[in-house]
Amino acid sequence: MTLNIGKRDKAFLVGGGIFVACYLLFFLVVEPIYKKQIRIDKKIKDKINFIEKYYEVINQASYYQAKKAANKNTNTTLQKRFFSEKEPGLAAASLQRLLQGFSRGAVTIEKTRVEKPKYMARILAVPVEITVRSSLKNLALFLMRIENHEKFLVIEELRSRRINKKEPEDLQTRLLITGFTKELEPNGGKQT
């Protein structure tokens, strides 16, 4: 049995066959290859970005070394600002010794009392109350020595009064001076 197909129908069948072949070729061969190439290009770009970032970090090694040196200097400075003793009693004794050194040639310490340690801004603070006798000029010198010392000291309270009416410069002053240790407040503690 032979089919008689006209020229026109043969052209449509050949054209349809070519279209189907091109369609299948495109969707089964060309498109998967194209998508695979896009994935490969993306992986290559990601690896190039990674290598560029890696070299950026390597090239910034001097920056990080400078930062490390600056952090070490800051750490050293902070070590000097706080009392190194861990026990509050020992830190209070160190603070008293400092205050006695500051008083030489300026004021006379009449009374010293160590207050109960407390946490201020999550750092253990050791307050010492002292009563001194001096002139106004020498009291100012004593306060300047406290404020300019390398240790971080805070004068929380200052009460001054004249001792005798004939000498207005003769003062008795009560100071509450606080020094800080390197100990931080344990978690869950309440802050004052």
Applying side-chain contact (heavy atoms from CB on, under 4.5 Å) to Leu95 and Val114, what does each step give before you reach the verdict? CA-CA 10 Å; Leu95 178 56; Val114 176; over 6 Å; no
For the pair Lys118 and Glu156, find out whether any cationic side-chain nitrogen is under 4.0 Å from an anionic carboxylate oxygen.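 Judged by the 4.0 Å cut-off on N to carboxylate O distance, Lys118 and Glu156 do form a salt bridge.
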Any idea which heavy atoms bring [X] and [Y] closest together, and the distance?
X      : Y      : value
Ala92  : Val126 : CB-CG1, 3.4 Å
Asn138 : Ala106 : CB-O, 2.8 Å
Thr112 : Ile109 : OG1-CG2, 3.5 Å
Gly179 : Leu153 : CA-CD2, 3.8 Å
Phe142 : Leu99  : CE1-O, 3.7 Å
Gly101 : Arg145 : O-NH1, 4.4 Å

Please lay out, stage by stage, how Lys86 and Glu183 fare under the test salt bridge (charged side-chain N to carboxylate O under 4.0 Å, His left out). CA-CA 7 Å; Lys86 295 218 182 247; Glu183 185 177 333; over 6 Å; no
Contact between [X] and [Y] at the side-chain level, heavy atoms closer than 4.5 Å - yes or no?
X      : Y      : result
Lys111 : Arg174 : no
Pro88  : Phe83  : no
Leu184 : Ile123 : yes
Arg162 : Leu171 : yes
Phe102 : Ile177 : no

With a 4.5 Å cut-off on side-chain heavy-atom distances among I, L, V, M, F, W and Y, is there a chain of contacts connecting [X] to [Y]?
X      : Y      : answer
Ile40  : Ile48  : yes
Phe26  : Phe19  : no
Met120 : Leu78  : yes
Leu124 : Leu98  : no
Leu141 : Ile155 : no

For Phe12, look at atom CZ and say whether over 12 heavy atoms of other residues, nucleotides or ligands are found less than 6.0 Å away.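 Not more than 12 within 6.0 Å, no.
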Under 6.0 Å from the CZ atom of Phe50, do we count more than 12 heavy atoms belonging to anything else shown?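 Counting neighbours around CZ of Phe50, 12 or fewer heavy atoms of other residues, nucleotides or ligands fall under 6.0 Å, so no.
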Quick one about Gln172 and Arg133 (side-chain donor to acceptor, distance below 3.5 Å, no hydrogens or angles considered), yes or no?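 The criterion, which ignores hydrogens and geometry beyond distance, is not satisfied for Gln172 and Arg133.
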From [X] atom [atom1] to [Y] atom [atom2], the distance as rounded to the nearest 0.5 Å:
X      : Y      : atom1 : atom2 : result
Gln60  : Ile58  : CD    : CD1   : 11.0 Å
Lys68  : Asn75  : NZ    : CG    : 12.5 Å
Glu115 : Thr178 : CD    : OG1   : 8.5 Å
Arg161 : Ile163 : CZ    : CD1   : 6.5 Å
Thr74  : Lys67  : OG1   : NZ    : 9.0 Å
Ser103 : Ile130 : OG    : CD1   : 7.5 Å

Name the orientation class of the two ring planes belonging to Phe180 and Phe82 (parallel below 30°, tilted from 30 to 60°, perpendicular beyond 60°).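 The arrangement is perpendicular - the two ring planes meet at more than 60°.
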With side-chain contact (heavy atoms from CB on, under 4.5 Å) as the test, would you mind laying out the steps for Lys53 and Glu56 before giving the verdict? CA-CA 5 Å; Lys53 295 288 183 187; Glu56 282 179 23; 4.1 Å; yes
Non-neighbouring partners of Thr181 that pass side-chain hydrogen bond (donor to acceptor under 3.5 Å, both in side chains), sequence neighbours left out: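 Checked Thr181 against side-chain hydrogen bond (donor to acceptor under 3.5 Å, both in side chains); zero matches.
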